[in-house]
2 protein chains.
Amino acid sequence: MALGRPREFDPDEALDSAMELFWRQGYEGTSLADLTEAMGIAKPSLYAVFGNKEDLFRKALDRYAAQHADATYGALNEPTSRRAVERLLLGLAGVDAAEDMPKGCLMVQGALVCSAAGERIRQELCLRRAENEAALCRRMAEWRDAGDLPPSADPADLARYVMSVGNGIAVQAASGASKEELRRVVEMTMRTWPPV
Amino acid sequence: MALGRPREFDPDEALDSAMELFWRQGYEGTSLADLTEAMGIAKPSLYAVFGNKEDLFRKALDRYAAQHADATYGALNEPTSRRAVERLLLGLAGVDAAEDMPKGCLMVQGALVCSAAGERIRQELCLRRAENEAALCRRMAEWRDAGDLPPSADPADLARYVMSVGNGIAVQAASGASKEELRRVVEMTMRTWPPV
DNA sequence: GGACTATTTTACCGATAGGTATAAAAGTTA
DNA sequence: TAACTTTTATACCTATCGGTAAAATAGTCC
(Lines give C-alpha, C1' and ligand atoms only; values in the text may rest on other atoms or scores of the structure.)
Protein backbone atom coordinates (compact mmCIF):
# COMPACT_ATOMS: atom_id res chain seq x y z
CA MET A 1 0.00 0.00 0.00
CA ALA A 2 0.86 3.70 0.14
CA LEU A 3 1.97 4.03 -3.43
CA GLY A 4 3.69 7.09 -4.79
CA ARG A 5 5.31 10.01 -3.10
CA PRO A 6 3.98 10.53 0.42
CA ARG A 7 2.07 13.72 1.16
CA GLU A 8 4.15 16.23 3.10
CA PHE A 9 1.33 18.02 4.91
CA ASP A 10 -1.51 16.98 7.21
CA PRO A 11 -4.83 17.58 5.41
CA ASP A 12 -6.64 18.14 8.71
CA GLU A 13 -4.17 20.76 9.86
CA ALA A 14 -4.33 22.45 6.46
CA LEU A 15 -8.13 22.40 6.59
CA ASP A 16 -8.04 23.97 10.04
CA SER A 17 -5.92 26.80 8.68
CA ALA A 18 -8.32 27.30 5.77
CA MET A 19 -11.32 27.27 8.11
CA GLU A 20 -9.81 29.92 10.36
CA LEU A 21 -9.04 32.12 7.38
CA PHE A 22 -12.56 31.79 5.93
CA TRP A 23 -13.90 32.47 9.41
CA ARG A 24 -11.86 35.65 9.75
CA GLN A 25 -12.18 37.03 6.22
CA GLY A 26 -15.24 35.36 4.72
CA TYR A 27 -15.51 33.23 1.58
CA GLU A 28 -14.94 35.94 -0.99
CA GLY A 29 -12.56 37.94 1.19
CA THR A 30 -10.13 35.02 1.23
CA SER A 31 -7.98 34.51 -1.87
CA LEU A 32 -6.24 31.33 -2.96
CA ALA A 33 -2.95 33.09 -2.27
CA ASP A 34 -4.11 33.74 1.31
CA LEU A 35 -5.15 30.12 1.64
CA THR A 36 -2.02 28.50 0.26
CA GLU A 37 0.17 30.70 2.42
CA ALA A 38 -1.78 29.93 5.59
CA MET A 39 -2.08 26.22 4.76
CA GLY A 40 1.61 25.98 3.86
CA ILE A 41 0.96 24.26 0.54
CA ALA A 42 0.95 25.19 -3.15
CA LYS A 43 -2.14 25.52 -5.28
CA PRO A 44 -1.85 22.17 -7.09
CA SER A 45 -1.73 20.38 -3.73
CA LEU A 46 -4.78 22.28 -2.55
CA TYR A 47 -6.75 21.39 -5.67
CA ALA A 48 -5.67 17.75 -5.56
CA VAL A 49 -6.79 17.24 -1.96
CA PHE A 50 -9.70 19.64 -1.49
CA GLY A 51 -11.02 20.43 -4.97
CA ASN A 52 -11.68 24.03 -5.92
CA LYS A 53 -12.27 27.00 -3.62
CA GLU A 54 -15.96 26.27 -3.25
CA ASP A 55 -15.32 22.63 -2.35
CA LEU A 56 -12.69 23.72 0.17
CA PHE A 57 -15.09 26.16 1.79
CA ARG A 58 -17.74 23.46 2.16
CA LYS A 59 -15.20 21.15 3.78
CA ALA A 60 -14.11 23.98 6.08
CA LEU A 61 -17.76 24.53 6.94
CA ASP A 62 -18.21 20.87 7.83
CA ARG A 63 -15.13 21.02 10.02
CA TYR A 64 -16.38 24.21 11.68
CA ALA A 65 -19.64 22.45 12.47
CA ALA A 66 -17.88 19.41 13.87
CA GLN A 67 -15.33 21.31 15.95
CA HIS A 68 -17.24 24.39 17.07
CA ALA A 69 -20.94 24.47 16.26
CA ASP A 70 -22.26 20.95 16.83
CA ALA A 71 -21.42 20.84 20.53
CA THR A 72 -23.35 24.06 21.01
CA TYR A 73 -26.41 22.70 19.23
CA GLY A 74 -26.24 19.67 21.48
CA ALA A 75 -28.06 22.01 23.86
CA LEU A 76 -31.24 20.97 22.05
CA ASN A 77 -31.08 17.70 23.96
CA GLU A 78 -31.80 19.46 27.25
CA PRO A 79 -35.12 18.44 28.76
CA THR A 80 -36.38 22.00 29.30
CA SER A 81 -36.51 24.92 26.90
CA ARG A 82 -34.98 27.21 29.50
CA ARG A 83 -31.90 25.10 30.01
CA ALA A 84 -31.61 24.44 26.27
CA VAL A 85 -31.90 28.06 25.15
CA GLU A 86 -29.48 29.26 27.80
CA ARG A 87 -26.94 26.58 26.95
CA LEU A 88 -27.37 27.29 23.24
CA LEU A 89 -26.89 31.04 23.52
CA LEU A 90 -24.02 30.75 25.99
CA GLY A 91 -22.41 28.23 23.69
CA LEU A 92 -22.72 30.59 20.73
CA ALA A 93 -21.32 33.45 22.81
CA GLY A 94 -18.38 31.24 23.81
CA VAL A 95 -17.60 30.18 20.24
CA ASP A 96 -18.14 33.66 18.77
CA ALA A 97 -15.79 35.34 21.26
CA ALA A 98 -13.22 32.62 21.99
CA GLU A 99 -9.80 34.10 22.69
CA ASP A 100 -7.73 32.06 20.24
CA MET A 101 -10.16 31.98 17.34
CA PRO A 102 -11.61 34.50 14.87
CA LYS A 103 -14.45 36.56 16.30
CA GLY A 104 -17.99 35.92 15.18
CA CYS A 105 -19.67 32.96 13.49
CA LEU A 106 -18.53 31.38 10.22
CA MET A 107 -22.10 30.46 9.33
CA VAL A 108 -23.10 34.13 9.58
CA GLN A 109 -20.12 36.08 8.32
CA GLY A 110 -18.75 33.48 5.89
CA ALA A 111 -21.00 34.91 3.17
CA LEU A 112 -23.81 37.08 4.54
CA VAL A 113 -23.79 38.95 1.23
CA CYS A 114 -21.53 38.46 -1.79
CA SER A 115 -21.03 38.96 -5.51
CA ALA A 116 -22.78 36.80 -8.09
CA ALA A 117 -19.80 34.44 -8.01
CA GLY A 118 -20.39 33.56 -4.36
CA GLU A 119 -24.16 33.17 -4.52
CA ARG A 120 -24.13 29.40 -4.14
CA ILE A 121 -22.06 29.62 -0.96
CA ARG A 122 -24.32 32.34 0.41
CA GLN A 123 -27.33 30.11 -0.14
CA GLU A 124 -25.52 27.19 1.45
CA LEU A 125 -24.99 29.23 4.61
CA CYS A 126 -28.58 30.46 4.52
CA LEU A 127 -29.72 26.85 4.31
CA ARG A 128 -27.57 25.74 7.24
CA ARG A 129 -28.85 28.59 9.40
CA ALA A 130 -32.40 27.70 8.40
CA GLU A 131 -31.80 24.05 9.30
CA ASN A 132 -30.55 25.03 12.74
CA GLU A 133 -33.59 27.22 13.26
CA ALA A 134 -35.88 24.44 12.04
CA ALA A 135 -34.32 21.97 14.48
CA LEU A 136 -34.87 24.43 17.31
CA CYS A 137 -38.44 24.96 16.11
CA ARG A 138 -39.17 21.23 16.26
CA ARG A 139 -37.84 21.07 19.82
CA MET A 140 -39.95 24.07 20.81
CA ALA A 141 -43.03 22.19 19.66
CA GLU A 142 -41.98 19.20 21.75
CA TRP A 143 -41.40 21.33 24.83
CA ARG A 144 -44.77 22.97 24.34
CA ASP A 145 -46.54 19.65 23.91
CA ALA A 146 -44.79 18.37 27.05
CA GLY A 147 -46.06 21.33 29.04
CA ASP A 148 -42.67 23.05 29.35
CA LEU A 149 -44.00 25.96 27.27
CA PRO A 150 -47.53 27.42 27.29
CA PRO A 151 -49.96 25.93 24.75
CA SER A 152 -50.27 29.33 23.10
CA ALA A 153 -46.55 29.44 22.33
CA ASP A 154 -45.71 29.44 18.62
CA PRO A 155 -42.65 27.20 18.07
CA ALA A 156 -41.58 28.99 14.88
CA ASP A 157 -41.80 32.40 16.51
CA LEU A 158 -39.82 31.26 19.53
CA ALA A 159 -37.13 29.62 17.41
CA ARG A 160 -36.82 32.70 15.21
CA TYR A 161 -36.57 34.89 18.29
CA VAL A 162 -33.80 32.79 19.84
CA MET A 163 -31.87 32.59 16.58
CA SER A 164 -32.20 36.35 16.18
CA VAL A 165 -30.50 36.84 19.52
CA GLY A 166 -27.89 34.25 18.55
CA ASN A 167 -27.18 35.91 15.21
CA GLY A 168 -27.08 39.30 16.90
CA ILE A 169 -24.49 37.93 19.30
CA ALA A 170 -22.45 36.82 16.30
CA VAL A 171 -22.51 40.34 14.85
CA GLN A 172 -21.61 41.85 18.21
CA ALA A 173 -18.70 39.42 18.53
CA ALA A 174 -17.43 40.32 15.07
CA SER A 175 -17.66 43.94 16.17
CA GLY A 176 -15.36 43.28 19.11
CA ALA A 177 -17.69 42.47 22.02
CA SER A 178 -16.10 40.38 24.77
CA LYS A 179 -17.34 37.00 25.91
CA GLU A 180 -18.41 38.57 29.21
CA GLU A 181 -20.42 41.26 27.44
CA LEU A 182 -22.14 38.64 25.31
CA ARG A 183 -22.79 36.54 28.40
CA ARG A 184 -24.74 39.46 29.82
CA VAL A 185 -26.82 39.65 26.64
CA VAL A 186 -27.72 36.00 27.16
CA GLU A 187 -28.48 36.65 30.81
CA MET A 188 -30.95 39.39 29.93
CA THR A 189 -32.58 37.19 27.32
CA MET A 190 -33.00 34.38 29.82
CA ARG A 191 -34.29 36.61 32.57
CA THR A 192 -37.59 36.75 30.73
CA TRP A 193 -37.81 33.28 29.20
CA PRO A 194 -40.25 32.31 27.81
CA PRO A 195 -41.34 35.66 26.34
CA VAL A 196 -45.00 34.66 26.07
CA MET B 1 -21.76 80.06 -14.41
CA ALA B 2 -22.13 76.37 -15.40
CA LEU B 3 -18.97 76.20 -17.42
CA GLY B 4 -18.01 73.25 -19.52
CA ARG B 5 -19.95 70.29 -20.80
CA PRO B 6 -22.98 69.63 -18.62
CA ARG B 7 -23.10 66.40 -16.65
CA GLU B 8 -25.43 63.89 -18.25
CA PHE B 9 -26.39 61.99 -15.08
CA ASP B 10 -27.90 62.91 -11.73
CA PRO B 11 -25.29 62.29 -9.01
CA ASP B 12 -27.98 61.59 -6.41
CA GLU B 13 -29.66 58.98 -8.59
CA ALA B 14 -26.29 57.40 -9.37
CA LEU B 15 -25.42 57.36 -5.67
CA ASP B 16 -28.73 55.67 -4.92
CA SER B 17 -27.89 52.94 -7.42
CA ALA B 18 -24.45 52.49 -5.88
CA MET B 19 -25.93 52.36 -2.38
CA GLU B 20 -28.41 49.67 -3.34
CA LEU B 21 -25.68 47.59 -4.93
CA PHE B 22 -23.37 47.89 -1.90
CA TRP B 23 -26.37 47.06 0.28
CA ARG B 24 -27.13 43.92 -1.71
CA GLN B 25 -23.60 42.66 -2.36
CA GLY B 26 -21.40 44.29 0.27
CA TYR B 27 -18.36 46.54 -0.22
CA GLU B 28 -15.95 43.93 -1.52
CA GLY B 29 -18.63 41.92 -3.32
CA THR B 30 -19.38 44.90 -5.55
CA SER B 31 -16.95 45.59 -8.41
CA LEU B 32 -16.45 48.84 -10.24
CA ALA B 33 -17.92 47.15 -13.31
CA ASP B 34 -21.06 46.33 -11.31
CA LEU B 35 -21.20 49.91 -10.08
CA THR B 36 -20.71 51.67 -13.40
CA GLU B 37 -23.32 49.44 -15.04
CA ALA B 38 -25.90 50.05 -12.32
CA MET B 39 -25.12 53.76 -12.12
CA GLY B 40 -25.21 54.13 -15.89
CA ILE B 41 -21.89 55.95 -16.06
CA ALA B 42 -18.29 55.16 -17.01
CA LYS B 43 -15.42 54.84 -14.58
CA PRO B 44 -13.83 58.26 -15.21
CA SER B 45 -17.18 59.93 -14.44
CA LEU B 46 -17.47 57.91 -11.26
CA TYR B 47 -13.98 58.85 -10.12
CA ALA B 48 -14.47 62.52 -11.00
CA VAL B 49 -17.67 62.86 -8.99
CA PHE B 50 -17.30 60.38 -6.15
CA GLY B 51 -13.57 59.68 -5.78
CA ASN B 52 -12.37 56.12 -5.52
CA LYS B 53 -14.36 53.04 -4.48
CA GLU B 54 -13.78 53.65 -0.79
CA ASP B 55 -14.92 57.27 -1.05
CA LEU B 56 -17.99 56.15 -2.98
CA PHE B 57 -18.88 53.60 -0.32
CA ARG B 58 -18.62 56.20 2.42
CA LYS B 59 -20.91 58.53 0.48
CA ALA B 60 -23.33 55.65 -0.09
CA LEU B 61 -23.21 54.97 3.64
CA ASP B 62 -24.04 58.59 4.44
CA ARG B 63 -26.95 58.44 2.01
CA TYR B 64 -28.13 55.17 3.55
CA ALA B 65 -28.09 56.80 6.95
CA ALA B 66 -29.99 59.84 5.73
CA GLN B 67 -32.60 57.95 3.74
CA HIS B 68 -33.10 54.77 5.76
CA ALA B 69 -31.36 54.62 9.12
CA ASP B 70 -31.66 58.09 10.65
CA ALA B 71 -35.44 58.08 10.81
CA THR B 72 -35.32 54.80 12.68
CA TYR B 73 -32.85 56.12 15.23
CA GLY B 74 -35.14 59.08 15.75
CA ALA B 75 -36.91 56.62 18.04
CA LEU B 76 -34.37 57.63 20.68
CA ASN B 77 -36.34 60.85 21.13
CA GLU B 78 -39.27 58.94 22.61
CA PRO B 79 -39.91 59.83 26.25
CA THR B 80 -40.00 56.22 27.50
CA SER B 81 -37.57 53.37 26.87
CA ARG B 82 -40.42 51.04 25.98
CA ARG B 83 -41.76 53.23 23.22
CA ALA B 84 -38.24 54.00 21.99
CA VAL B 85 -37.01 50.42 21.85
CA GLU B 86 -40.16 49.21 20.18
CA ARG B 87 -40.06 51.97 17.60
CA LEU B 88 -36.34 51.39 17.03
CA LEU B 89 -36.65 47.64 16.50
CA LEU B 90 -39.79 47.91 14.39
CA GLY B 91 -38.05 50.55 12.33
CA LEU B 92 -35.06 48.30 11.78
CA ALA B 93 -37.33 45.41 10.85
CA GLY B 94 -39.13 47.64 8.37
CA VAL B 95 -35.92 48.85 6.72
CA ASP B 96 -34.26 45.42 6.73
CA ALA B 97 -37.21 43.72 5.05
CA ALA B 98 -38.67 46.46 2.86
CA GLU B 99 -40.18 45.05 -0.31
CA ASP B 100 -38.42 47.22 -2.87
CA MET B 101 -34.98 47.35 -1.27
CA PRO B 102 -32.15 44.89 -0.60
CA LYS B 103 -32.76 42.71 2.43
CA GLY B 104 -30.76 43.29 5.60
CA CYS B 105 -28.78 46.26 6.89
CA LEU B 106 -25.97 47.99 4.99
CA MET B 107 -24.19 48.84 8.23
CA VAL B 108 -24.08 45.15 9.14
CA GLN B 109 -23.59 43.33 5.86
CA GLY B 110 -21.67 46.05 4.02
CA ALA B 111 -18.42 44.64 5.44
CA LEU B 112 -18.95 42.35 8.41
CA VAL B 113 -15.70 40.61 7.46
CA CYS B 114 -13.39 41.26 4.52
CA SER B 115 -9.92 40.91 3.07
CA ALA B 116 -7.02 43.11 4.15
CA ALA B 117 -7.94 45.55 1.38
CA GLY B 118 -11.34 46.28 2.92
CA GLU B 119 -10.22 46.56 6.54
CA ARG B 120 -10.70 50.33 6.75
CA ILE B 121 -14.29 50.05 5.57
CA ARG B 122 -14.96 47.21 8.01
CA GLN B 123 -13.71 49.38 10.85
CA GLU B 124 -15.79 52.31 9.63
CA LEU B 125 -18.92 50.16 9.84
CA CYS B 126 -17.87 48.83 13.25
CA LEU B 127 -17.47 52.41 14.42
CA ARG B 128 -20.88 53.48 13.15
CA ARG B 129 -22.56 50.53 14.83
CA ALA B 130 -20.71 51.35 18.03
CA GLU B 131 -21.83 54.98 17.82
CA ASN B 132 -25.44 53.93 17.47
CA GLU B 133 -25.10 51.63 20.46
CA ALA B 134 -23.40 54.39 22.45
CA ALA B 135 -26.23 56.81 21.67
CA LEU B 136 -28.75 54.25 22.84
CA CYS B 137 -26.66 53.67 25.95
CA ARG B 138 -26.72 57.36 26.83
CA ARG B 139 -30.49 57.44 26.45
CA MET B 140 -30.82 54.36 28.66
CA ALA B 141 -28.97 56.19 31.42
CA GLU B 142 -31.33 59.13 31.04
CA TRP B 143 -34.40 56.92 31.18
CA ARG B 144 -33.01 55.20 34.25
CA ASP B 145 -32.24 58.50 35.97
CA ALA B 146 -35.73 59.70 35.14
CA GLY B 147 -37.25 56.65 36.79
CA ASP B 148 -38.39 55.01 33.54
CA LEU B 149 -35.96 52.13 34.17
CA PRO B 150 -35.02 50.58 37.53
CA PRO B 151 -31.99 52.10 39.29
CA SER B 152 -30.22 48.75 39.05
CA ALA B 153 -30.43 48.75 35.23
CA ASP B 154 -27.06 48.91 33.46
CA PRO B 155 -27.39 51.23 30.45
CA ALA B 156 -24.55 49.60 28.52
CA ASP B 157 -25.99 46.12 29.05
CA LEU B 158 -29.45 47.22 27.96
CA ALA B 159 -28.14 49.01 24.87
CA ARG B 160 -26.01 46.01 23.90
CA TYR B 161 -28.98 43.71 24.36
CA VAL B 162 -31.25 45.83 22.16
CA MET B 163 -28.61 46.19 19.47
CA SER B 164 -28.04 42.44 19.55
CA VAL B 165 -31.70 41.88 18.75
CA GLY B 166 -31.49 44.57 16.08
CA ASN B 167 -28.41 43.05 14.47
CA GLY B 168 -29.97 39.61 14.69
CA ILE B 169 -33.01 40.95 12.86
CA ALA B 170 -30.67 42.23 10.15
CA VAL B 171 -29.16 38.76 9.70
CA GLN B 172 -32.60 37.16 9.65
CA ALA B 173 -33.73 39.65 7.02
CA ALA B 174 -30.68 38.91 4.87
CA SER B 175 -31.60 35.24 5.23
CA GLY B 176 -35.04 35.87 3.80
CA ALA B 177 -37.28 36.50 6.82
CA SER B 178 -40.39 38.55 6.07
CA LYS B 179 -41.27 41.84 7.69
CA GLU B 180 -44.14 40.13 9.51
CA GLU B 181 -41.81 37.46 10.90
CA LEU B 182 -39.40 40.12 12.11
CA ARG B 183 -42.28 42.07 13.60
CA ARG B 184 -43.05 39.06 15.76
CA VAL B 185 -39.44 38.92 16.94
CA VAL B 186 -39.80 42.52 18.07
CA GLU B 187 -43.11 41.73 19.73
CA MET B 188 -41.54 38.95 21.78
CA THR B 189 -38.66 41.21 22.76
CA MET B 190 -41.04 43.92 23.90
CA ARG B 191 -43.32 41.56 25.77
CA THR B 192 -40.69 41.43 28.50
CA TRP B 193 -39.25 44.93 28.44
CA PRO B 194 -37.27 45.87 30.44
CA PRO B 195 -35.50 42.56 31.01
CA VAL B 196 -34.32 43.50 34.50
C1' DG C 1 -17.98 82.01 -34.49
C1' DG C 2 -14.00 80.97 -31.53
C1' DA C 3 -11.98 80.35 -26.92
C1' DC C 4 -12.59 78.04 -22.83
C1' DT C 5 -14.06 74.38 -19.59
C1' DA C 6 -15.90 70.23 -17.88
C1' DT C 7 -17.58 65.65 -19.09
C1' DT C 8 -17.68 62.00 -21.98
C1' DT C 9 -15.69 57.85 -24.40
C1' DT C 10 -12.13 54.72 -25.41
C1' DA C 11 -8.34 52.42 -24.49
C1' DC C 12 -5.13 51.08 -21.48
C1' DC C 13 -2.25 50.13 -17.00
C1' DG C 14 -0.08 46.76 -13.45
C1' DA C 15 -1.74 43.59 -10.06
C1' DT C 16 -4.31 39.89 -8.73
C1' DA C 17 -8.26 36.62 -9.19
C1' DG C 18 -9.20 31.37 -9.63
C1' DG C 19 -7.37 27.54 -11.91
C1' DT C 20 -4.08 24.26 -14.53
C1' DA C 21 -0.16 22.02 -17.57
C1' DT C 22 4.28 20.22 -17.01
C1' DA C 23 7.91 18.10 -15.24
C1' DA C 24 10.98 17.24 -11.30
C1' DA C 25 11.05 14.79 -6.85
C1' DA C 26 10.20 11.12 -3.43
C1' DG C 27 8.58 7.39 -2.13
C1' DT C 28 6.93 1.82 -2.79
C1' DT C 29 6.91 -2.57 -5.30
C1' DA C 30 9.05 -6.05 -7.96
C1' DT D 1 18.18 -1.18 -9.55
C1' DA D 2 14.23 -0.26 -12.60
C1' DA D 3 9.34 0.49 -13.11
C1' DC D 4 5.57 2.75 -11.26
C1' DT D 5 2.73 6.09 -8.71
C1' DT D 6 1.69 10.20 -6.35
C1' DT D 7 2.96 14.73 -4.77
C1' DT D 8 5.71 18.48 -5.31
C1' DA D 9 7.35 23.09 -7.30
C1' DT D 10 7.38 26.17 -11.18
C1' DA D 11 5.49 28.42 -14.61
C1' DC D 12 1.76 29.77 -16.93
C1' DC D 13 -3.31 30.65 -18.45
C1' DT D 14 -7.46 33.87 -19.11
C1' DA D 15 -10.43 37.04 -16.77
C1' DT D 16 -11.12 40.60 -13.83
C1' DC D 17 -9.65 43.79 -10.21
C1' DG D 18 -9.25 49.06 -9.01
C1' DG D 19 -7.64 52.98 -11.29
C1' DT D 20 -6.08 56.41 -15.07
C1' DA D 21 -4.21 58.88 -19.58
C1' DA D 22 -5.70 60.90 -23.69
C1' DA D 23 -8.66 62.56 -26.84
C1' DA D 24 -13.33 63.41 -28.53
C1' DT D 25 -17.62 65.93 -27.26
C1' DA D 26 -20.97 69.33 -25.65
C1' DG D 27 -22.02 72.95 -23.61
C1' DT D 28 -21.24 78.49 -21.94
C1' DC D 29 -19.12 83.10 -22.35
C1' DC D 30 -17.33 86.88 -25.06
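Just so we're on the same page: letters track the sequence lines, and every chain starts at 1. Keep in mind that what you see is a predicted model, and the values were worked out from it rather than measured. No hydrogens, no waters, no symmetry mates; every other heavy atom, side chains included, goes into these values.
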[X] has an atom [atom1]; how far is it from atom [atom2] of [N], in whole Å?
X       : N      : atom1 : atom2 : answer
A:Leu56 : C:dG19 : CG    : P     : 10 Å
B:Asp34 : D:dG18 : CG    : C1'   : 13 Å
A:Glu8  : D:dA9  : CD    : P     : 6 Å
A:Lys53 : C:dG19 : NZ    : P     : 8 Å
A:Glu28 : D:dT16 : CD    : C1'   : 13 Å
B:Phe9  : C:dT7  : CZ    : P     : 8 Å
B:Leu32 : D:dC17 : CG    : C1'   : 8 Å
A:Phe50 : D:dT7  : CZ    : P     : 12 Å

At 4.0 Å (heavy atoms only), tell me whether A:Ser115 reaches a base, stays on the sugar-phosphate, or touches nothing.
nothing
How would you label the contact of A:Thr30 with the nucleic acid (heavy atoms, under 4.0 Å): base, sugar-phosphate, or nothing?
sugar-phosphate
B:Leu61 and B:Phe22, any side-chain heavy atoms less than 4.5 Å apart
no
Contact check, side chains of B:Pro150 and B:Arg144, non-hydrogen atoms, under 4.5 Å
no
Between the base of C:dT8 and the side chain of B:Arg5, is there a donor-acceptor distance below 3.5 Å?
no
With respect to the side chain of A:Ala42, which nucleotide from C:dA17, D:dA9, C:dG19 is positioned closest?
D:dA9
I want to verify a distance call: between C:dA17, D:dG19, C:dG19, whose nearest atom is closest to the A:Ser31 side chain?
C:dA17
So that I can tick it off, tell me whether B:Glu119 and B:Arg122 are bridged by a salt bridge, with the cut-off set at under 4.0 angstrom between side-chain N and carboxylate O.
yes
So, are B:Arg63 and B:Asp12 salt-bridged, with charged N and O less than 4.0 Å apart?
yes
Other residues, nucleotides, ligands: >12 heavy atoms within 6.0 Å of A:Glu37 CD:
no
Residue whose nearest DNA chain D nucleotide is more 5′ - A:Arg7 or A:Pro44
A:Arg7
OP1 or OP2 of D:dT7 versus the side-chain N and O atoms of A:Ser45: is any pair under 4.0 Å?
no
